[in-house]
Enquirer: 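Submitted below is the structure of interest, expressed as structure tokens.
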Amino acid sequence: MLIDWFTVGAQVLNFLILVWLMKRFLYQPVLDAIAAREQKIAAALAHAATTQAEAKQQQDIFQQKNEAFDEQRAGLLQQARDAAKAERERLQAEARAAADAASAARAKALLADALHLRNALTRQTQDQVLDISRRVLADLAAVSLEQRACEVFIQRLQSADGEALAALGEALKASPEREPALLRSAFELPAAQRTALREAVDERFGQPIALAFETAPELVSGIELSAQGLKLAWSISDYLDALSSGLQARLGATEAA
């Protein structure tokens, strides 16, 4: 078999030209495309890594903000609970104070009513005692209650002694004429009884004493001699107070039993 070297050479030349053409126009663009694709992939991966890092950073920031918000919320809730507790305690204190004030007001009202009733009963008892005393004195001795009160006061003045009487005497003697000693009585004293009282006071203290007379119904048929805060007095109310104390003691003993 004869070899056609011309044909072989032509085929080899064609093959080499084909290889060069493929490398020139096919393989190199494919390699360039692959390289470009790899660069794009690398850039995408880098961008994804950057995005992931930023996302992680944003997540950390969000987590921190969330934790700070939780702490702030917990603090606000605690403040709200403390404020609610303080307000509740304040309202309870105000309620207790209002209740105490209401109780005190009721107690004060009850005490006022009791005192009013006691004063009314005392006044009624005094009026009855005075009326009975007047009638008894008029029936037995033909003297008035007022006259007998003056006589009893003079007797007490004459029989009194001690430091209290001495102090009263010094106060009476030291009283200036522009501020005379005060002799108060529950009734208007007639001239005769004023004279008798003035003479008894002068005699008891050994010198003339300037006296000013005044009517004071609250003395309850009594007479009171006072000067510079010191006084000597007699009144039916003393007996009534003793009677009231005795009744209250008996009532207390009865309730206790």
Side-chain angles (χ1 to χ4, degrees), residues 108 111-249:
K108 185 177 180 180
L111 179 59
D113 292 340
L115 291 176
H116 179 72
L117 179 61
R118 178 181 177 184
N119 292 335
L121 292 175
T122 301
R123 176 60 62 182
Q124 184 178 3
T125 303
Q126 291 173 354
D127 293 340
Q128 292 177 354
V129 170
L130 292 177
D131 182 63
I132 294 172
S133 300
R134 285 191 179 92
R135 285 185 289 173
V136 169
L137 290 174
D139 292 340
L140 295 179
V143 295
S144 66
L145 177 61
E146 289 77 7
Q147 180 180 350
R148 185 55 185 162
C150 290
E151 293 175 356
V152 173
F153 178 77
I154 291 174
Q155 291 175 2
R156 173 165 291 189
L157 177 64
Q158 292 174 346
S159 61
D161 57 6
E163 296 181 358
L165 182 65
L168 177 61
E170 294 296 329
L172 290 170
K173 296 174 183 179
S175 298
E177 293 184 0
R178 64 178 181 275
E179 294 181 4
L182 184 62
L183 198 149
R184 304 167 68 228
S185 61
F187 41 82
E188 183 69 25
L189 292 172
Q193 292 177 349
R194 290 192 180 192
T195 301
L197 288 169
R198 192 186 302 276
E199 291 177 353
V201 171
D202 293 346
E203 180 181 356
R204 185 67 181 85
F205 296 105
Q207 71 177 50
I209 303 297
L211 293 178
F213 293 88
E214 181 180 294
T215 302
E218 68 273 10
L219 292 177
V220 191
S221 290
I223 300 176
E224 177 185 275
L225 175 63
S226 62
Q228 300 183 13
L230 302 176
K231 66 180 181 178
L232 175 68
W234 175 86
S235 173
I236 292 179
S237 61
D238 296 337
Y239 300 102
L240 294 177
D241 290 340
L243 177 62
S244 176
S245 299
L247 290 175
Q248 289 181 356

Enquirer: Roughly how far apart are L157 CG and L168 CG, rounded to 0.5 Å?
Expert: 8.5 Å

Enquirer: Show me the donor-acceptor pairs, under 3.5 Å and distance only, between side chains in residues 180-189 and residues at least two apart or in other chains.
Expert:
unit_1: R184; atom_1: NE; unit_2: E214; atom_2: OE2; d: 3.4
unit_1: R184; atom_1: NH1; unit_2: E224; atom_2: OE2; d: 2.9
unit_1: R184; atom_1: NH2; unit_2: E218; atom_2: OE2; d: 2.6
unit_1: S185; atom_1: OG; unit_2: F187; atom_2: O; d: 2.6
unit_1: E188; atom_1: OE1; unit_2: T215; atom_2: OG1; d: 3.1
unit_1: E188; atom_1: OE2; unit_2: R194; atom_2: NH2; d: 2.9

Enquirer: Just how far is it from atom CZ of R204 to atom CD1 of I209, taken to the nearest 0.5 Å?
Expert: 12.0 Å

Enquirer: Any chance you could lay out the side-chain contact (heavy atoms from CB on, under 4.5 Å) test for F213 and Q193, step after step, and finish with the verdict?
Expert: CA-CA 11 Å; F213 293 88; Q193 292 177 349; over 6 Å; no

Enquirer: Can you name the nearest heavy-atom pair linking A171 to L230, along with the distance?
Expert: CB-CD1, 4.1 Å

Enquirer: Could you tell me whether the side chain of L225 reaches within less than 4.5 Å of the side chain of L211, counting heavy atoms only?
Expert: yes

Enquirer: Can you see which heavy atom on I154 is nearest to which on A196, and at what distance?
Expert: CD1-O, 4.0 Å

Enquirer: Has E203 got more than 12 heavy atoms of other residues, nucleotides or ligands less than 6.0 Å from its CD?
Expert: no

Enquirer: Rounded to the nearest 0.5 Å, what's the gap from NZ on K108 to CG on D113? Could you check?
Expert: 12.5 Å

